[in-house]
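Below, read A as the first sequence line, B as the second, and so on, with proteins coming before strands; counting in each chain starts at 1.
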2 protein chains.
Amino acid sequence: MTRWLDEDEQRTWRKFMTATQLINEALDRQLQRDAGMPHTYYVILVRLSEAPGRTMRMSELATRAQSSQSRLSHAVARLEERGWVRRERCPDDRRGNFAVLTDEGYAALAAAAPGHVEEVRRTLFDVLEPQQVRELDEICSAVIHAADPNTREGERETVVRRP
Amino acid sequence: MTRWLDEDEQRTWRKFMTATQLINEALDRQLQRDAGMPHTYYVILVRLSEAPGRTMRMSELATRAQSSQSRLSHAVARLEERGWVRRERCPDDRRGNFAVLTDEGYAALAAAAPGHVEEVRRTLFDVLEPQQVRELDEICSAVIHAADPNTREGERETVVRRP
DNA sequence: CCAATTTAGTTGAACTCTCATATACTTAGG
DNA sequence: CCTAAGTATATGAGAGTTCAACTAAATTGG
């Protein structure tokens, strides 16, 4: 038997989809307009910038940037064309590749970050009470844990960070 | 001065992105696998199914399905190819078009709905306490209101409904 | 009543994402 | 060892999205 949503759940669900979509679209528009990249690329650059030597294995970068390996591979190809990332062959495991954030890539990230953080604040944190932010945190933890119980907290995350 | 995120905000933000992305990916995978359509198409069909005569102006459908006009136009073109939607010229306003949900489209929606609702429950409602669902509702209201203060509640919403 | 503007909708190109497949290397088993 | 299975990544095709035109019709303001 299908467990249909009741009226209240229905409303909440629709609002949830609306709200998350509004935020995502705002982020993508802002980054595309001001930094010429989609949000997914921004996340890749952030993750790389946090890695020791600004270098990471493709597969680990995919995990950390919440990307499929295929998506990451295509994305890195584009980022390479712009000179923001470079691939390096991995000596230990000759199947492997490192992605390396170039200085230009770092500069692009540094230039993009303030506008992006501002958008994150405008769309989310500025509109919530501190208590609501804590509640949202809990809610997201529950969702993540249910969807992917094996993932350690902090491993699958998306990012804004001061470069 | 950039208002950077502090540690806690950072963590919450990353979790939020992770959680919403996990849900969206789960929904898209489920619908693609079991019903051969992306979630955006599902939403279009739901909105149409709720309209009087299963008919709506393209621009209103775009608003209600949270779609750009261009995206909707492309999507309806695809849905037409499958015979799920049909366009009708609008007599009052000869610029306008109606989108009409066909019986086949309705059947496809009815077939897809149970699996979709189940996925919505699995990924969201089943993992939250009733209190958290209420909190989430409030949070989403705040986000929507801030992003788009002109929109009446209930107008920009996304959907699961018993067909 | 007509020119200027706005509104409704479509279209094509460029881009990203997904999915399936291919390639090359590594590890395990016998 | 040597083959079978598994891992790391790349690639190409197909599909959806965005953005910037573009068409056509309606509205507005002299």
Side-chain angles (χ1 to χ4, degrees), chain A residues 21-22 24-45 55-82 84-100 158, chain B residues 21-22 24-45 55-82 84-100 158:
Chain A
Q21 197 179 325
L22 284 172
N24 275 313
E25 286 172 0
L27 296 181
D28 257 331
R29 258 199 316 275
Q30 186 276 322
L31 278 171
Q32 196 65 61
R33 170 168 43 77
D34 298 342
M37 61 178 131
H39 184 230
T40 47
Y41 287 22
Y42 182 86
V43 172
I44 290 167
L45 297 184
T55 297
M56 217 184 301
R57 285 289 292 266
M58 290 295 285
S59 46
E60 186 173 357
L61 183 53
T63 304
R64 296 212 188 256
Q66 308 224 34
S67 172
S68 68
Q69 292 198 158
S70 172
R71 181 157 87 202
L72 178 67
S73 189
H74 285 297
V76 166
R78 296 309 184 116
L79 292 168
E80 257 184 317
E81 290 168 9
R82 304 188 200 182
W84 291 353
V85 172
R86 140 174 67 79
R87 276 185 242 237
E88 260 176 33
R89 238 158 170 35
C90 174
D92 310 356
D93 184 339
R94 279 181 309 185
R95 297 166 300 181
N97 261 339
F98 288 118
V100 185
T158 308
Chain B
Q21 197 179 325
L22 284 172
N24 276 313
E25 286 172 0
L27 296 182
D28 257 331
R29 258 198 316 276
Q30 186 276 322
L31 278 171
Q32 197 65 59
R33 170 167 42 79
D34 298 343
M37 61 178 129
H39 185 230
T40 47
Y41 286 22
Y42 181 87
V43 172
I44 290 168
L45 297 184
T55 297
M56 218 184 300
R57 285 290 291 266
M58 289 296 285
S59 46
E60 186 173 357
L61 182 52
T63 304
R64 295 210 188 257
Q66 306 224 39
S67 172
S68 68
Q69 290 199 159
S70 173
R71 181 157 90 201
L72 178 67
S73 192
H74 286 297
V76 167
R78 296 309 182 113
L79 292 168
E80 256 186 318
E81 290 168 9
R82 305 188 199 183
W84 290 353
V85 172
R86 141 175 65 80
R87 277 184 241 240
E88 262 176 32
R89 249 182 153 19
C90 173
D92 310 354
D93 183 339
R94 279 181 307 183
R95 297 166 302 182
N97 261 338
F98 288 118
V100 184
T158 309

Near DNA chain D, counting only heavy atoms under 4.0 Å, which residues of residues 72-79 of chain A show up? A:S73, A:H74
Contacts of A:R87 that satisfy salt bridge (charged side-chain N to carboxylate O under 4.0 Å, His left out) - sequence neighbours left out: A:E80
Would you confirm whether B:R71, through its side chain, and B:Q66, through its main-chain N or O, come within 3.5 Å as a donor-acceptor pair? yes
Classify B:R87 by what it touches in the nucleic acid, base, sugar-phosphate, or nothing, heavy-atom distance under 4.0 Å. sugar-phosphate
The side-chain hydrogen bond (donor to acceptor under 3.5 Å, both in side chains) partners of A:D34 (sequence neighbours excluded) come to A:Q30
For the atom pair CE (A:M37) and NE2 (A:H39), what is the distance rounded to the nearest 0.5 Å? 10.0 Å
Students often get this wrong, so: under 4.0 angstrom with heavy atoms, is B:F98 touching a base, only sugar-phosphate, or nothing? nothing
Sugar-phosphate, base or nothing in reach of A:D93, heavy atoms under 4.0 Å: sugar-phosphate
Residues in salt bridge (charged side-chain N to carboxylate O under 4.0 Å, His left out) with A:R95, at least two apart? A:D93
Under 4.0 Å from a heavy atom of chain A: give me the 5'-most and 3'-most nucleotides of DNA chain C that qualify. C:dT16 to C:dT26
Can you list the residues that meet the side-chain hydrogen bond (donor to acceptor under 3.5 Å, both in side chains) rule with A:N97, with sequence neighbours excluded? A:R89
Got a sec, which residues hit side-chain hydrogen bond (donor to acceptor under 3.5 Å, both in side chains) with A:R33, two or more places apart in sequence or on another chain? none
On DNA chain D, more 5' by nearest nucleotide between A:R29 and A:R95 is A:R95
Taking heavy atoms of chain A and a 4.0 Å limit, find me the 5'-most and 3'-most nucleotide of DNA chain D within that range. D:dG6 to D:dG12
Residues in side-chain contact (heavy atoms from CB on, under 4.5 Å) with B:Q32, at least two apart? B:P38
Taking atom CZ of B:R94 as the centre, report whether more than 12 heavy atoms of other residues, nucleotides or ligands fall under 6.0 Å from it. no
With sequence neighbours left out, write down each residue that passes side-chain hydrogen bond (donor to acceptor under 3.5 Å, both in side chains) with A:R86, or none if nothing qualifies. A:E88
Of A:S70 and A:Q32, whose nearest nucleotide on DNA chain D comes first from the 5' end? A:S70
Those residues that, when tested against A:A75, pass side-chain contact (heavy atoms from CB on, under 4.5 Å) (two or more places apart): A:Y41, A:I44
